[in-house]
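Before any comments, here is the structure.
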Amino acid sequence: MGELRLMKGNEAIAEAAIRAGCDAYFGYPITPQSEIMEYLAAEEPHKRTGMVLLQAESELAAINMVYGAAGTGKKVMTTSSGPGISLKQEGISYIAGAELPCLVVNVMRGGPGLGTIQPSQSDYFQATKGGGHGDYHLLVLAPASVQEMSDFVPLAFDLAFKYRNPVMILSDGVIGQMMEKVELFEPRPRNTRFDQSWVTTGKTPDRERNVISSLDLDPARMERHNYDLQAKYLKMKDKEVRYEEIECDDAEYLLIAFGSASRICQKTVKLARQKGLKTGLLRPMTLFPFPEKIISKLAEKVKGILTVELNSGQMVEDVRLAVNGKVRVDFYGRMGGMIPTPDEVLKEIETKLTGG
Amino acid sequence: MTFEVKSDILKPEDFKLEGDVKWCPGCGGHAVLAAIMKALPETNVKKENVVFVSGIGCSSRFPYYINTYGFHGLHGRAFAIASGIKVANPKLSVWVVTGDGDSMAIGGNHFIHILRRNINVNILLFNNKIYGLTKGQYSPTTPKGSITKTSPDGTIENPFLPGELAMGAQGTFYARVVDTNIQMMQDIFVKAARHKGTSLVEILQNCVIFNNKVHEEITGKEKRDENQLYLRHGKPMIFGKNSDKGIIQSGSKFVVVKIGENGVTKNDILIHDAHNPDDTRAYMLSRMTLPDYPVAMGVIRDWQSDIYESLLYSQIKNARKNSKIQSVDDLLNHGNTFRL
């Protein structure tokens with residue numbers, strides 16, 4: 001068993017970054033995730049593993065530092081929250097276009113604009129549909145516990161290098177700020193086992209020089225590049241879907257929720273079953289690729305689906321696409337930092353799904 | 001732009017708002033707020049023609065605390081927002097309230113460009129040399145070697161001096177004040193408002209929680225007379241408890257001298273010329289730091305140059321005047337027309 005610690009979600013991300021062999025972190029303070037950089041600074045990772053830490057002058061600078069560092073083949077990351085993630089979108093689009101690996105963590109707060117520093121899940125569209133300009137996707141992981149804040153970091157780096165694609169950990173202020181027991185994984189080497197022939201570390205005699213770019217003015221070549229990207233996303237949809245089923249086997253009513261909302265729904269499942277309502281919970285752990293096959297399958301046997309989110313209804317659109325009209329899909333959400341209680345969600349099941 | 005309302009109509013209380021000012025007790029911001037409320041009536045501007053614009057940070061909560069129009073914008077972008085406001089509606093008296101993180105880090109680019117364009121906007125830069133709102137990370141003005149939450153071994157970055165940056169960006173008005181002297185702030189804010197062009201006032205502000213006494217060497221009662229040089233246009237650069245020290249120029253450098261020693265008399269001391277088109281001395285004054293020099297306070301540079309929006313509107317006026325089209329009939333009948 002690994003080392004056990006009581007940690008904040010933000011601290012777990014930071015500790016996991018050091019243990020996962022991250023080479024460099026570039027960030028800029030923003031609530032509710034400033035603890036990530038503060039924890040890293042206090043840990044002095046340059047002494048532990050040689051990891052570099054730099055507080056940039058803005059989120060724009062930070063993501064472009066990531067762009068540069070990722071081009072050298074290193075494991076690099078940045079973290080922020082809503083407004084800062086919006087600023088990073090230009091860089092993320094370029095990184096996706098240039099096919100470089102990196103990790104971006106979004107500890108979501110409520111928007112739009114400056115919004116609030118309270119937790120929210122309102123960046124689902126931005127994270128899963130691209131976010132910046134152009135036809136691209138991030139691999140998006142949605143942790144629901146402090147444990148997963150730690151576990152998803154090495155997974156994210158592996159996926160980033162495997163697909164040469166930016167990976168986002170889409171967390172929120174609840175998971176970032178709450179403290180839970182974490183079993184930490186054993187430290188990993190900083191080098192990666194994946195192919196590195198594309199990096200800008202000089203030209204070896206056996207290959208052409210590498211130039212990092214997302215530009216191609218030849219329309220036919222650009223289209224081919226786009227088809228290659230799309231093929232990559234299809235492969236992700238085939239291989240990388242992750243989800244958790246909680247009491248789905250005999251469920252007549254199905255809740256679908258990710259991240260902190262899924263924690264609330266876990267309690268609702270218990271409350272509903274105490275009342276005799278056979279309720280299950282499907283928790284997507286990857287938001288892109290989205291677990292559409294299992295949702296489609298479950299839709300065939302349940303009487304109704306309720307999607308619960310801390311927003312005005314974003315993931316529910318993907319749920320409805322997956323269900324494709326097979327069964328009624330309802331939505332319940334709260335916004336702007338408001339967090340529903342398990343009882344509130346239970347009431348929604350009773351009024352919307354069971355008709356009682 | 002002139003305004004017709006007499007100054008005696010408004011009082012500082014007219015700019016007060018009901019409700020709490022949510023800065024920490026002891027924050028330097030309270031004194032700045034008091035000073036601006038005293039200064040605004042002197043600027044002869046109607047309350048409804050004043051707008052305070054801010055970015056993000058503790059300083060940027062300012063628009064919530066003053067009874068004028070307000071605009072709480074994006075981190076670092078207040079200068080761009082203010083540029084938009086002033087260019088679209090030059091009648092307004094536009095004030096930007098920003099901090100060392102907001103203006104020197106994420107907003108550094110917009111900061112130099114508003115100064116370069118010389119748009120007639122007043123900037124109050126709260127410089128507490130720390131990120132207060134996010135609870136204590138270093139900023140671009142934090143002294144090198146400082147231990148903060150994100151620099152446990154000390155910062156390794158060279159800090160910006162806002163004045164140095166402003167001079168480099170061709171700023172036409174730059175003044176420095178301390179948050180412990182409300183009278184000084186009030187005087188300088190009025191001067192900043194009267195200057196035509198971008199006015200930058202750097203306020204050495206204390207952050208009582210995350211960077212307490214950061215300016216103590218400059219503002220402390222025991223040291224301030226020895227460590228501050230309060231500049232007045234046309235007056236010699238004399239400072240010290242007994243007014244016996246001054247600045248002379250030797251070659252390309254300023255030198256601190258004592259009057260009465262080594263044959264130095266009062267007549268040898270440099271006279272401050274804030275209106276000098278050449279900004280060399282303003283640049284040198286803005287760069288003076290302890291312990292070799294006193295820190296320059298007051299109006300360091302106040303030079304009248306072209307204002308962006310004036311040039312812009314005169315171009316529009318000229319274009320109208322010189323246009324062949326002066327009426328709707330002209331418009332309908334100009335160029336290739338034909339009768340059916």
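Each chain gets a letter, A, B and so on, in the order its sequence line appears, and its residues count up from 1.
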Can you pull the salt bridge (charged side-chain N to carboxylate O under 4.0 Å, His left out) pairs that have at least one residue in residues 140-153 of chain A, sequence neighbours excluded?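 Every pair satisfying salt bridge (charged side-chain N to carboxylate O under 4.0 Å, His left out) with a residue in residues 140-153 of chain A: A:E148-A:R283.
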More than 12 heavy atoms of other groups within 6.0 Å of [X] [atom1]:
| X | atom1 | result |
| --- | --- | --- |
| B:I156 | CD1 | no |
| A:Y94 | OH | no |
| A:M179 | CE | yes |
| B:I112 | CD1 | yes |

Evaluate the criterion side chain to side chain contact (heavy atoms under 4.5 Å, CB included) for residue pair A:L87 and B:L74; output intermediate values, then yes/no. CA-CA 11 Å; A:L87 270 172; B:L74 287 73; over 6 Å; no
Please list, chain by chain and in numerical order, all residues satisfying side-chain hydrogen bond (donor to acceptor under 3.5 Å, both in side chains) with A:K181, sequence neighbours excluded. none
Can you list the residues that meet the side chain to side chain contact (heavy atoms under 4.5 Å, CB included) rule with A:A127, with sequence neighbours excluded?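 Testing A:A127 for side chain to side chain contact (heavy atoms under 4.5 Å, CB included), a comparison that skips the adjacent residues, returns A:V140, A:M168, A:L170.
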Side chain, backbone, both or neither of A:L60 within contact of chain B (heavy atoms, under 4.5 Å): side chain
Interface moiety of A:L40 toward chain B, non-hydrogen atoms closer than 4.5 Å: neither
Would you call A:L114 and B:I56 a side-chain contact if the rule is heavy atoms closer than 4.5 Å?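 Side-chain contact under 4.5 Å: yes.
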So, for B:P152 and A:A41, which heavy atoms are closest and what is the spacing to 0.1 Å?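 Scanning both residues completely, I find the closest heavy atoms to be CG-O, 2.9 Å.
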Below 3.5 angstrom, are there any donor-acceptor pairs between chain A and chain B, and if so, which atoms and how far apart?
from  : atom 1 : to     : atom 2 : distance (Å)
A:Y28 : OH     : B:H75  : NE2    : 2.8
A:Y28 : OH     : B:Y131 : OH     : 3.1
A:E38 : OE2    : B:Q137 : NE2    : 2.6
A:Q55 : OE1    : B:T150 : OG1    : 2.5
A:Q55 : NE2    : B:Y138 : O      : 2.6
A:E57 : O      : B:I106 : N      : 2.9

